[in-house]
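Since the structure comes first, as structure tokens, the remarks are kept for the end.
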Amino acid sequence: MEAALGSTAAQGSEALDTSLVLQIDGLHKSFGGVKALDHVSLAVRHGEVHGLLGQNGSGKSTLIKILSGFYDADGEPSIIIDGRRARLPVSPEALRQHGVSFVHQHLGLLPSLTVLENLLLLDLAIENRWFMDWRAEARRARELFDRYGLRLDPLSSLSRLSPVERAQLAIVRAFDQLRRSNAERSRGLLILDEPTPFLPAHDVEALFKLIREIVADGASVIFVSHDIDEVLEITDRATVLRDGRVAGVFETAAMTKAEVIRLIVGRHVDLERMRPPAKALPKPSLSIAGLSGGAVGSFSVDLRAGEVVGLTGLIGSGYSDVIYMAFGATPAQSGTLDIADDRVELGRMSPRRAIGMGCILIPGDRLASGAVPGLTVSENLNQPVLSRVTRGWALAQAALIRNARVLANRFDVRPRDPTRLLGALSGGNQQKALLAKWFQTDPRLILLDEPTQGVDVGARTQVFEAIAAAARSGASILCASSDYEQLTAICDRVLVFKRGMVTEELIGDRISKSAIAQACYRAD
């Protein structure tokens with residue numbers, strides 16, 4: 001099957017195909033002798049949502065950066081956009097003329113500006129306009145938002161918007177730019193580069209509704225994602241890259257998840273059937289008792305060394321609040337945390353106190369809350385252990401770099417360059433770096449929030465193994481997640497929340513993706 005799918009992608013042609021909004025053939029790119037893209041072809045039809053899948057390092061990011069003009073390609077590939085040949089590198093103005101617009105993972109929005117100012121950001125940046133009728137623009141913005149069912153106030157500060165509202169604004173802005181700059185032609189091509197990693201499932205559905213409405217309005221979409229379920233739900237067709245080459249092109253309605261995973265990683269990986277081995281666990285040594293606050297009414301749990309306990313439920317049920325209140329990242333009304341002989345009132349807990357007790361947190365939004373993307377990999381990895389790695393008043397850079405290299409090898413953080421900025425790494429490698437940063441402290445209690453969010457299928461198994469290794473070393477782990485497949489793969493117990501309370505507990509062989517889903521959606 002893979003050979004047949006691969007040959008479909010390889011059939012490039014210099015002839016213009018009027019059914020295609022984008023046609024790429026013979027795309028090459030190398031970095032220092034390493035081929036990032038090797039004779040890649042991509043064809044996107046008018047009016048379709050086309051997925052782009054692949055592991056970290058497969059070439060997805062390189063392809064998108066070439067299309068956006070950030071990289072130039074090697075040689076002279078054929079790129080045809082809506083029947084017109086494009087020259088590389090493509091400037092922002094040329095992209096507008098060709099009818100291509102991008103929404104990158106971090107959206108390109110400025111929190112200090114209003115919704116309306118963000119909507120007009122590109123106009124203000126590239127057009128020499130000496131007069132702006134803000135009242136008319138606000139009226140047009142309201143009409144635009146109403147058209148797509150968005151309850152956004154153009155005069156509101158962006159900082160007041162939720163994450164999904166920000167993503168919706170970025171997508172509507174990109175489509176609005178296409179519509180206004182390309183009115184005489186098709187509605188253009190919208191490229192969504194990882195728009196969903198830090199959104200809960202309910203918000204992803206709202207985003208997909210907007211994408212479908214925009215496609216119905218005439219746009220074509222390239223949807224870049226690590227999430228296979230999302231790609232199977234929202235796309236019409238998809239292209240898989242592996243090791244810089246096209247591994248396959250397929251109609252999503254005709255594919256199973258297992259078949260897509262095999263194309264991505266090159267072998268069979270059954271994530272849905274993964275289960276941790278049975279364990280002989282000691283008596284409980286940690287406990288959270290009487291925790292309340294946020295959406296949590298009352299929560300208590302006893303934890304054993306080496307045990308992985310999952311927390312899940314529907315959006316708003318309170319399961320994710322437990323993680324942050326236990327760490328002191330958000331305030332709790334009541335409750336206690338006991339680790340060995342150390343007890344703290346959770347209403348007085350702080351992150352500093354939690355870390356001192358041997359408790360660490362890996363947050364869901366790793367770049368905003370768990371790391372400093374503008375610092376190097378070495379600087380991020382060494383933050384918790386500076387006093388241990390160095391001595392005296394001066395930092396021993398050689399020792400810090402050496403420690404970072406050891407951790408990068410142990411957790412397979414790629415590339416193996418501790419001087420690279422953490423923000424330049426792929427999502428999976430950022431997450432592995434964050435695990436390496438905190439797991440080196442030998443924590444007693446590990447708090448995880450959506451640990452494989454925005455992580456590709458290959459890196460997911462590495463994250464699972466890192467969690468399992470921490471458990472084997474004696475850590476107790478609480479994992480809050482809406483990913484039932486992930487919980488099935490790593491958990492010894494799963495606690496299901498409804499309305500701030502645990503209503504069901506699944507243990508051992510009772511844990512499965514379908515059993516968790518049924519427990520979450522079962523009527524009270």
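Residue numbers run from 1 in the order of the sequence given. Since this is a predicted model, take the numbers as computed values, not measurements. Side chains are part of it too, since the values below use all heavy atoms of this structure and drop only hydrogens, waters and symmetry mates.
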R366 side chain to A433 backbone, donor-acceptor under 3.5 Å: no
Distance-minimising heavy-atom pair for P373 and L421: O-CB, 3.9 Å
Is R147 paired with D217 through a side-chain N to carboxylate O contact shorter than 4.0 Å? yes
For S78 and Q23, what are the C-alpha separation, side-chain angles and deciding distance, and is it a side chain to side chain donor-acceptor pair (under 3.5 Å)? CA-CA 8 Å; S78 171; Q23 185 176 2; over 6 Å; no
Please check if the side chain of S220 supplies one atom and the backbone of G47 the other of a donor-acceptor pair under 3.5 Å. yes
Please examine the side chains of L152 and L169, heavy atoms only from C-beta on, and report whether any two atoms are closer than 4.5 Å. yes
Okay, side chain of R173, backbone of N118: is any donor-acceptor separation there less than 3.5 Å? yes
If we ignore hydrogens and angles and just use 3.5 Å, is the side chain of R166 paired with the main-chain N or O of P111 as donor and acceptor? no
Is there a donor-acceptor pair under 3.5 Å between the side chain of D236 and the backbone N or O of V49? yes
For the side chain of D74 and the backbone of S30, is there at least one donor-acceptor N/O pair under 3.5 Å apart? yes
Begin with the C-alpha distance, continue with both residues' side-chain angles, and end with the deciding distance and a verdict on salt bridge (Lys or Arg N to Asp or Glu O under 4.0 Å) for K209 and E213. CA-CA 6 Å; K209 179 176 182 291; E213 289 172 349; 2.7 Å; yes
Do the non-hydrogen side-chain atoms of F102 and I64 ever get within less than 4.5 Å of each other? yes
Side-chain heavy atoms of Q168 within contact of L207, under 4.5 Å: yes
Does the S162 side chain pair with the main chain of E165, one donor and one acceptor, at a distance under 3.5 Å? yes
Donor-acceptor under 3.5 Å (N429 side chain, V413 main chain): no
Electrostatic pair R45:E251 at N-O distance under 4.0 angstrom: yes
Who pairs with D483 by salt bridge (Lys or Arg N to Asp or Glu O under 4.0 Å), at least two apart in sequence or on another chain? R460
Inspect the surroundings of CG in D72 and state if more than 12 heavy atoms from other residues, nucleotides or ligands are less than 6.0 Å away. yes
Start with the C-alpha gap between Y71 and F31, add the side-chain angles, then the distance that decides, and say whether ring-ring contact (aromatic ring centres under 6.0 Å, His included) holds. CA-CA 11 Å; Y71 289 155; F31 297 96; 5.2 Å; yes
Would you check if the side chain of T312 reaches a backbone N or O of S481 as a donor-acceptor pair within less than 3.5 Å? yes
Answer whether the closest heavy-atom distance between the side chains of P154 and L119 falls below 4.5 Å. no
Can you tell whether the side chains of R212 and E233 come within less than 4.0 Å, N to carboxylate O? yes
First locate atom CG of L116, then atom CZ of R142, and finally report the distance between them rounded to the nearest 0.5 Å. 8.5 Å
Min side-chain heavy-atom separation L53-L263 under 4.5 Å: no
So that I can tick it off, tell me whether R84 and D82 are bridged by a salt bridge, with the cut-off set at under 4.0 angstrom between side-chain N and carboxylate O. no
Residue pairs meeting salt bridge (Lys or Arg N to Asp or Glu O under 4.0 Å), one or both in residues 219-228, sequence neighbours left out, come to none
Donor-acceptor side-chain pairing of T452 and Q431 below 3.5 angstrom: no
Is there a donor-acceptor pair under 3.5 Å between the side chain of T239 and the backbone N or O of L42? no
Qualifying residues under side chain to side chain donor-acceptor pair (under 3.5 Å), relative to R245, sequence neighbours excluded: D38
Taking the side chain as everything from C-beta on, heavy atoms only, tell me whether V115 gets closer than 4.5 Å to D153. no
Is any NZ, NE, NH1 or NH2 atom of the basic residue among E143 and R140 found under 4.0 Å from an Asp or Glu carboxylate oxygen of the other? no
